[in-house]
Trainee: 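One structure, as structure tokens, below. Some questions next.
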2 protein chains.
Amino acid sequence: MRFSKQRQIVLDILLESNDHLTADQIFQRAQEKDTNISVATVYRNLNQLEGRGLINKVNRLSTVSLYDGNIEPHDHLHCRKCLRLYDIPKKEVPNIIDQVAFNTGHTIEQAEIIFSGLCQTCKAEEMKS
Amino acid sequence: MRFSKQRQIVLDILLESNDHLTADQIFQRAQEKDTNISVATVYRNLNQLEGRGLINKVNRLSTVSLYDGNIEPHDHLHCRKCLRLYDIPKKEVPNIIDQVAFNTGHTIEQAEIIFSGLCQTCKAEEMKS
DNA sequence: CTAAATGCAAAAGATTTGCTGGCGT
DNA sequence: ACGCCAGCAAATCTTTTGCATTTAG
């Protein structure tokens, strides 16, 4: 992986900051350091850096929202092979809210969990080969 | 809440389906049932229905992605008052992966958790008033 | 009857892509 | 020199909004 001046700047901004930044915020900060950088470069670098595990992206599920008629509280499993999203009823998931609230000092009202891995079906197929 | 033909169709589509649907998929299915429905109506109805708790929206954090230089695995707390996103180190969070894998039969490799509630700071302010 | 909902088209916001030229190794 | 990377602008995709008209209760 090549480290251009721009890529380095994007990475530095993220490493220096303790916050979570939007691409646009990163773009603005980068402009202050380098008069000539484009949004496209910022996005391309963010994708590259994330792909190599150098940075983290929150909200990675997809760019579109998904809607669900199931309003019973539940979590999700995102299968990395078939990419399907499965519902996981809350009763299958140990409740960790009190423990985390105690450990962190925040007031926690809800937890929304996205599991990832292989669904039953894809796991079975993987076995065959 | 008024129940127009279009709103009913949008809701029915979600209730009939066991899947998670994108707004566009819902729009397409709705078109098959009602020649005259617009994307705008679909979106407006999805927002209304979600606001009243009749349907569920996944990926609710925001429409933009957030990037984070912290690649140590961690979860997040989204404060409903100041809207800030806090990192929660994994060591504060009980590991539930094995339990959920056992309960569901899926292979689970990772869990990404978004807690919501009140952060320490906002909680303290709430106390004063 | 009247507030709320619709359709349409345009706007807005986020992200990606094509192309051409430049830079890192 | 070669291929990766940048800049720019246009394109794409998702979602929202303004406005005039229709409709549910």
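Worth knowing before you read on, the calculation uses all heavy atoms, side chains too, and leaves out hydrogens, waters and symmetry mates. All values derive from a computational prediction rather than experimental measurement. Chain naming here is simple, since letters A, B, ... match the order of the sequence lines and numbering starts at 1 in each.
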Trainee: A/D24 near the nucleic acid: base, sugar-phosphate alone, or nothing, with a heavy-atom cut-off under 4.0 Å?
Mentor: nothing

Trainee: Given C/dT16, is OP1 or OP2 found less than 4.0 Å from the side-chain N or O atoms of A/Y43?
Mentor: no

Trainee: Does B/N36 make a side-chain N or O approach to OP1 or OP2 of D/dT22 shorter than 4.0 Å?
Mentor: no

Trainee: Output the rounded distance in Å from CD (B/Q25) to P (D/dT14).
Mentor: 10 Å

Trainee: Measure CG/B/L66 against P/C/dA14 and give the value in whole Å, please.
Mentor: 11 Å

Trainee: Any idea which of C/dT16, C/dA5, D/dT17 is nearest the B/Q48 side chain?
Mentor: C/dA5

Trainee: Rounded to the Å, how far apart are B/L46 CG and D/dT16 C1'?
Mentor: 13 Å

Trainee: Between B/T41 and B/Y67, just flag the one whose closest nucleotide in DNA chain C comes earlier from the 5' side.
Mentor: B/T41

Trainee: Can you spot which of B/L21, B/I26, B/T22 makes a side-chain contact (heavy atoms from CB on, under 4.5 Å) with B/D24?
Mentor: B/T22

Trainee: Which listed nucleotide (C/dG7, C/dT6, D/dC5) is nearest to the side chain of B/S38?
Mentor: C/dG7

Trainee: Within the structure provided, determine whether A/K57 and B/L66 are in side-chain contact (heavy-atom separation under 4.5 Å).
Mentor: no

Trainee: Starting at CE of A/M1 and ending at P of D/dC5, how long is that distance when rounded to a whole Å?
Mentor: 7 Å

Trainee: Specify the separation, in whole Å, of atom CD1 of B/I37 and atom P of C/dC8.
Mentor: 11 Å

Trainee: Is any side-chain N or O of B/N47 closer than 4.0 Å to OP1 or OP2 of D/dT15?
Mentor: no

Trainee: Find the distance B/I9:CD1 to C/dA5:P and express it as a whole number of Å.
Mentor: 16 Å

Trainee: Is any side-chain heavy atom of B/S4 less than 4.5 Å from a side-chain heavy atom of B/I9?
Mentor: no

Trainee: Is there a donor-acceptor contact under 3.5 Å linking the side chains of A/H74 and B/N56?
Mentor: no

Trainee: Is there a side-chain contact between A/S65 and the phosphate of D/dT15, meaning an N or O under 4.0 Å from OP1 or OP2?
Mentor: yes

Trainee: If only side-chain N and O atoms of B/S4 are considered, is one of them under 4.0 Å from the OP1 or OP2 phosphate oxygen of C/dT6?
Mentor: yes

Trainee: Ring centres of B/H106 and A/Y86 under 6.0 Å apart?
Mentor: yes

Trainee: Closest approach to the side chain of B/Q6, judged atom by atom: which nucleotide of C/dA4, C/dG18, C/dT6 is it?
Mentor: C/dT6

Trainee: Using whole Å, what does the distance between atom P of nucleotide D/dC5 and atom CZ of A/R52 come to?
Mentor: 7 Å

Trainee: Please state whether the base of D/dT23 and the side chain of B/R2 form at least one donor-acceptor pair under 3.5 Å?
Mentor: yes

Trainee: With no angle test and no hydrogens, is the base of D/dG25 tied to the side chain of B/R7 by a donor-acceptor pair under 3.5 Å?
Mentor: no

Trainee: Send over the distance from A/Q28 CD to C/dG13 P, rounded to a whole Å.
Mentor: 13 Å

